[in-house]
Q: 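Can you read through this structure? Questions will come right after.
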Amino acid sequence: MTTYLVTGGCGFIGSNFILRLLREHRDARVINLDKLTYAGNPDNLREVEQDEGYRFVEGDACDPTLVGELVQQADVIAHFAAESHVDRSLMESGAFITTEVLGTYTLLEAARHNPKLKRFLHVSTDEVYGDVAEGQFSVETDPLRPRSPYAASKAGAEMQVIAYVETYGLPVVVARPGNNVGPRQHLEKFVPLCTTNAMDDRPLPLYGDGRQQRDWLFVEDNIEALDILLHEGEPGEVYNVGAKNHRYNIDVAEAILDLLGKPKSLIRFVEDRAGHDRRYGVDYGKISKLGWSPSHDFEAAIEKTVRWYEENRWWWEAVREGEFKEYYEKQYGQRLADARPYTSGGS
Ligand code: NAD
Ligand code: TYD
């Protein structure tokens, strides 16, 4: 029997990860610690709610008493809990610093008092490298140059991790994945936003010229990589997780519209994000040596994602009705009022 303490398990990647653990590891007992912020959605784990091997604890990763108790029960930790949206970090970044830096510190501090702890997987991001020029791919030893408050808070968390590895010999493995797509991602992110807006004939807001690039990693590929790192990653090491599925945002929006049979005229060019990183790109040769490679190219990843949102309207309509309404108005109200229309070939 292995007890996994997963933080942030009600979010997008954490919930997919827990579903995988319970599916693939017969001896897994999972404790999910989640604060249920606006991004935490209990619907994500509805199908395992009653499983004997699953336990949900509502609470804050920054609470030392609660975290101390839970970490004592764990053989391994997978730490996903974070504030995860760049645009929100541009509105108010206090919660990012608290959860990312203080939350990670709280877990590390508890972890060093659990001598039976086998492994601690820290989920970071490729955004800690900052903007990466076209044709370039970051390697794990590259300097960290975070450029958004979100990325800076994630880099701050990583610095705490490295300090605990060096000082106390904690068996932490760090993962730096690229942009995930797939089922259960909150509507605030680009792909779910474009997909659900397109389904209802609402505009698709593209920041700036729409020619920023992301490496689109299917969430199932990512969680497979994280599972391998949790069990086979070298303690103290950092691993990039990417797919080399780079696409311009405009091409992603067009692919979504094509899959849904909707017109390109739904695209709007809106005021850019401040400090917008134009591109991320990682070399994932290091994790490949552990036998992992992504199974989904961009077309497969986007198609599976779009179809999931088509088939699960109940899931995202509930999200759209909640806190998201107010956020949407704040983020897009003026932007869409001032938007430039789509012209074929770009802005
Ligand atoms: P998400 O926003 O969907 O989920 C975050 C979860 O953490 C939510 O369930 C939320 O309730 C919980 N949470 C937030 N603050 C908490 C706190 N103080 N204590 C306990 N729980 C708390 O995020 P996601 O997209 O699933 O990302 C998961 C992790 O992966 C994050 O660390 C993120 O930085 C990282 N990451 C995400 C992506 C991506 O494309 N989504 C890419 C690379 C790395
Ligand atoms: P996002 O999904 O927020 O992820 P991240 O900023 O962490 O990469 O955004 C992905 C890309 O899409 C990014 O270049 C910003 C862009 N974007 C838009 O053009 N319009 C939007 O409404 C959103 C949310 C993102």
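Position 1 is the first residue of the sequence; numbering continues from there.
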Q: Tell me whether K244 is salt-bridged to D297, with the criterion being a basic N under 4.0 Å from an acidic carboxylate O.
A: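 Salt bridge flag = no for D297 with K244.
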Q: How about P177 and L217: do any of their side-chain heavy atoms sit closer than 4.5 Å?
A: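 P177 reaches L217 side chain to side chain.
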Q: Is there side-chain contact between Y328 and E188, with at least one heavy-atom pair below 4.5 Å?
A: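 SC-SC contact between Y328 and E188 ruled out.
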Q: What are the two closest heavy atoms between A74 and L5, and how far apart are they?
A: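 Heavy atoms only, the tightest pair is CB-CB, 3.8 Å.
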Q: To the closest 0.5 Å, what do you measure between OG (S288) and OH (Y239)?
A: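 It comes to 11.5 Å.
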Q: What is the minimum heavy-atom distance between L193 and F324, and which atoms define it?
A: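 The answer is CD1-CZ, 3.8 Å.
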Q: Where do H85 and H186 land on the ring-ring contact (aromatic ring centres under 6.0 Å, His included) test, with the steps shown first?
A: CA-CA 10 Å; H85 193 35; H186 194 281; 8.1 Å; no
Q: I need the full list of salt bridge (Lys or Arg N to Asp or Glu O under 4.0 Å) pairs touching residues 151-168, with sequence neighbours left out, sorted by first then second residue.
A: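 Those involving residues 151-168 are E158-R176.
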Q: Looking at Y4, does the NZ or CZ of R55 lie under 6.0 angstrom from its six-membered ring centre and within 45 degrees of the ring axis?
A: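 Judged by the rule, R55 and Y4 form no cation-pi pair.
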Q: Roughly how far, to the nearest 0.5 Å, is the CZ atom of R20 from the CD atom of E220?
A: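 These two atoms lie 7.5 Å from each other.
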Q: Quick check: are there more than 12 heavy atoms from other residues, nucleotides or ligands sitting under 6.0 Å from NZ of K330?
A: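 Result for NZ/K330: open.
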Q: With a 3.5 Å distance limit and no angle check, can you tell me whether N180 reaches the backbone of G178 through a side-chain donor-acceptor pair?
A: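 It does hold such a pair.
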Q: Using a strict cut-off of less than 4.0 Å between a Lys/Arg side-chain nitrogen and an Asp/Glu carboxylate oxygen, indicate whether K262 and D200 qualify as a salt bridge.
A: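 So K262 does not pair with D200 through a salt bridge.
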Q: For a quick check under 3.5 Å, do N240 and Y129 share a side-chain donor-acceptor pair by atom type?
A: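 A donor-acceptor contact under 3.5 Å links the two side chains.
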Q: So does K286 pair up with E237, basic N to acidic O under 4.0 Å?
A: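 Yes.
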Q: Under 4.0 Å between a Lys/Arg side-chain N and an Asp/Glu carboxylate O for R320 and E317?
A: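 Salt bridge flag = no for E317 with R320.
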Q: To the closest 0.5 Å, what do you measure between CD1 (I18) and CZ (F56)?
A: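 Separation between the atoms: 9.5 Å.
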Q: Please name all residues satisfying side-chain hydrogen bond (donor to acceptor under 3.5 Å, both in side chains) with H246, sequence neighbours left out, ordered by chain then number.
A: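 For H246 there are no side-chain hydrogen bond (donor to acceptor under 3.5 Å, both in side chains) partners, ignoring immediate neighbours.
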Q: Atom CZ of residue position R26 - does it have more than 12 heavy atoms of other residues, nucleotides or ligands inside 6.0 Å?
A: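 Not buried by this count: 12 neighbours or fewer within 6.0 Å.
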Q: If you measure only the distance, is there a donor-acceptor pair under 3.5 Å linking the side chains of N249 and Q212?
A: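 Yes.
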Q: Would you check if the distance from the ring center of F80 to the ring center of F17 is below 6.0 Å?
A: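 That pair passes the under 6.0 Å test.
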Q: Consider only side-chain N and O atoms of Y280 and D277, and report whether a donor and an acceptor are under 3.5 Å apart.
A: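 Note: Y280 and D277 side chains meet the donor-acceptor criterion.
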Q: Is a side-chain donor-acceptor pair under 3.5 Å present for D215 with N245?
A: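 No.
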Q: Above 12 or not: heavy atoms from other molecules or residues under 6.0 Å from CZ of R145?
A: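 No, CZ of R145 has 12 or fewer neighbouring heavy atoms, counting only those of other groups under 6.0 Å.
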Q: Under 6.0 Å from the ring centre and within 45 degrees of the ring axis: does the NZ or CZ of R88 meet both conditions for the six-membered ring of Y327?
A: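 The answer is yes; both the distance and angle limits are met.
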Q: Could you tell me if the side chain of R273 sits less than 4.5 Å from the side chain of V86, heavy atoms only?
A: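 Yes - at least one pair of side-chain heavy atoms lies under 4.5 Å apart.
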Q: Begin from the C-alpha positions of T2 and D75 and carry the test side-chain hydrogen bond (donor to acceptor under 3.5 Å, both in side chains) through to its verdict.
A: CA-CA 6 Å; T2 304; D75 301 303; 4.9 Å; no
Q: Could you tell me if the side chain of L266 sits less than 4.5 Å from the side chain of P203, heavy atoms only?
A: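 When only atoms from C-beta onward are counted, L266 and P203 do not touch, as no gap falls below 4.5 Å.
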Q: Take atom CZ of R268 as the centre, draw a 6.0 Å sphere, and report whether it contains more than 12 heavy atoms from other residues, nucleotides or ligands.
A: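 Counting other residues, nucleotides and ligands, CZ of R268 exceeds 12 neighbours.
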Q: What is the distance from atom OG1 of T106 to atom CG of D60, rounded to the nearest 0.5 Å?
A: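 T106 atom OG1 to D60 atom CG measures 8.0 Å (nearest 0.5 Å).
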Q: Does NZ or CZ of R211 fall inside the cone over Y248's six-membered ring, less than 6.0 Å from its centre and within 45° of the axis?
A: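 The answer is yes; both the distance and angle limits are met.
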Q: Does atom OH of Y105 have more than 12 heavy-atom neighbours from other groups under 6.0 Å away?
A: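 Check fails, neighbour count at 12 or below.
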Q: Tell me whether D131 is salt-bridged to R278, with the criterion being a basic N under 4.0 Å from an acidic carboxylate O.
A: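 Salt bridge absent between D131 and R278.
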Q: Is the shortest side-chain N to carboxylate O distance from R247 to E299 below 4.0 Å?
A: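 Salt bridge present between R247 and E299.
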Q: Going by an N to O cut-off under 4.0 Å, is there a salt bridge joining K304 and E311?
A: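 Result for this pair is no, no salt bridge flagged.
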